[in-house]
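Here the structure comes first, spelled out in structure tokens, and everything after it is commentary.
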Amino acid sequence: MTDAKDKSKKDGKPKYNMWQNCGYMIGMAWREKEKKVLVLSFLTALFTVAVNLINLYISPSVLSAVENRASISRLIIIVLVFAGLLMICNGALAYIDRNIQYGRIQVRMAVIAALNKKAATTSYPNVFDEKFIKLLTKSGDATCSNSQATEAIWITVTNLFKNILGFIIYMLLLFSLDFWLLIVIVATTLTGYFIGKRVNEYEYRHREELSEYESKMWYINGRAEDFGVAKDIRIFGMRAWLEELSRKAMEAFTSFHRKANGIYIWGRIADLILAFIRNGIAYAYLITMVLDNGLSASEFLLYFSAVGGFTSWVSGILGDLSVMHRQSLDISTVRECIEYPEPFKFNKGEPLYPDNEKEYELKLVNVSFKYPESEEYVLEHINLTLKPGEKLAVVGLNGAGKTTLVKLMCGFYEPTLGKVLLNGRDIREYNRRDYYKMFSAVFQSFSLLAATIAANVAQSEDSIDMERVRECVNQAGLLEKTQSLPDGFETYLNRSVYENAVMLSGGETQRLMLARALYKEAPIIILDEPTAALDPIAEANLYQKYNEMTLGKSSVYISHRLASTKFCDRIIFIEDNRITEEGTHQELINKGGRYSELFLVQSKYYRDEVSENEESKR
């Protein structure tokens, strides 16, 4: 069974078929308590067929009454009855159409919520998995509007109900004419359907190519709109270059769709030819019936209209199946994204309840790590223990693997070899979300929420402990700045959402992130170069203050400035993918190794910088 699924994926076929995806959407409506979507879809189909039948019979009925020399009053009654029926059915359809939209939107919103939850909670390695990113991009396209598959499929389902019901009624009506005529109509429409089905699969078969074009466009547009790179765009004259990249990406995207539309057009031409053959045979047969069997005018009109209606029902069924097939491809992509495999244990893992009063020991045992698709190890044979309450500094040149090391400690990555232990137990046994609660961390890249300063610190807009927020902001050295703002702690950040938002400097933002880490108050502190935007003296002062604030907690500090970590209990130096030196600051200086060499170089640089500053003040 697994081999069959793998073969299906290699062939470019979707993981789920059309009927499975319809069942999924029906199940989603059921779970979201939007059963009315199903009921109203069926009623829409029922009333639509009723309108069609009324229109089918009204002209033949009037013509039959005229042929039979009916009175004027009888003709008026016939017309009024049909008009009344049409008014009732059309009124019901208008009412249903007005009310069904809300349920359809609600179901699509539930799908979007599931995608958002997947994106926000998926295992960290998936965030950089190219396949997952492409699935997420395509899933966003499939849910972004009312016309996309996750909502439009209800219209298709309704039309399919309608066409199947109409097909059955009209088939019973025409069955008395000629069985072979029905066979011809069904055969030609089936041929058209299978041609269309193959044509409509083109975009899905090439979805990775399309996703690549879309990702490039989104990335380029995002960079152009990013305030964070605005200075670089202006100083380095990058505007023309970005516009050229955008133009090329758009040309590639347009070329793909032009090719796809060309294929779709040929499919429509084939369908048109088949429709001409089908209708020609049907109409020729009816004319023969009139000439040879003496059909009355009213009967001819009825069957003539019924033949056209029957072909429409058959074409409609197959057309709906074709549309549903295309929509199913998008829904299958959404499902594949939502159900993308998780390498970590979450709810199935053992619960973990962090306790600040408890001591925790974190240990890496013979850990080696390399990124997926890579042949080279970033870290090799790392044996490291973070003791309870210990302050550990991790230093080394850029690219040495310092950030990768702390991500392994935090459980963002699984070791390729070896294991990470928390108080002697492999962290893979725990619910990974519970394990994350063990850490307060500030990484090199961080998220600034479109919310108030208080909400950014508390990571919540509900039940904020303002006294603690003030205390943490003060400890991080941002209280004076916050109090100087007109709205204080209620000042909004992120101008992409709020026009009156304040933009903090790089150093101020890093202090805000430190306040956020303090507010969480987890047993283990991780600081991955959080003070890169500060000058050396400000960084050293802040680290010293942070040392005082985290007494009794286990802490890991990463800094490219070696002098900033002198206060730590232990320092490890990473080079050539391994821990090459270990000890206190003074022990490593006395050793005279690479740490000592780099410290002397940096010290000279800082002394020169201070001398230049003093000289400029004179």
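- At least one donor-acceptor pair closer than 3.5 Å links the side chain of T44 to the backbone N or O of L40.
- Residue Q327 comes nearest to I153 through the heavy atom pair OE1-CA, 3.3 Å, listed as atom of the first residue, atom of the second, then distance.
- The shortest heavy-atom contact between I317 and L160 is O-CD1, 3.9 Å.
- A salt bridge (Lys or Arg N to Asp or Glu O under 4.0 Å) with R108 is found for exactly one of E34, E151, E32, namely E151.
- Taking the six-membered ring where the residue is Trp, Y124 and F412 present tilted rings, their angle falling between 30° and 60°.
- Relative orientation of the Y170 and W313 rings is perpendicular, given thresholds of 30° and 60° on the angle between their planes.
- If you check the side chains of S255 and E251, you find no donor sitting under 3.5 Å from an acceptor.
- Both tests pass for R432 against the ring of F344: distance under 6.0 Å to the centre and angle within 45° of the axis.
- There is a side-chain donor-acceptor pair under 3.5 Å between S123 and E342.
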What donor-acceptor contacts under 3.5 angstrom involve side-chain atoms of residues 71-89, with partners at least two apart or in another chain?
residue, atom, partner, partner atom, Å
S71, OG, S73, OG, 3.0
S71, OG, R74, N, 3.3

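- For E130, the CD atom is loosely surrounded, since the number of other residues' heavy atoms within 6.0 Å does not exceed 12.
- Residues A451 and Y498 come closest through the heavy atom pair N-CE1, 4.1 Å.
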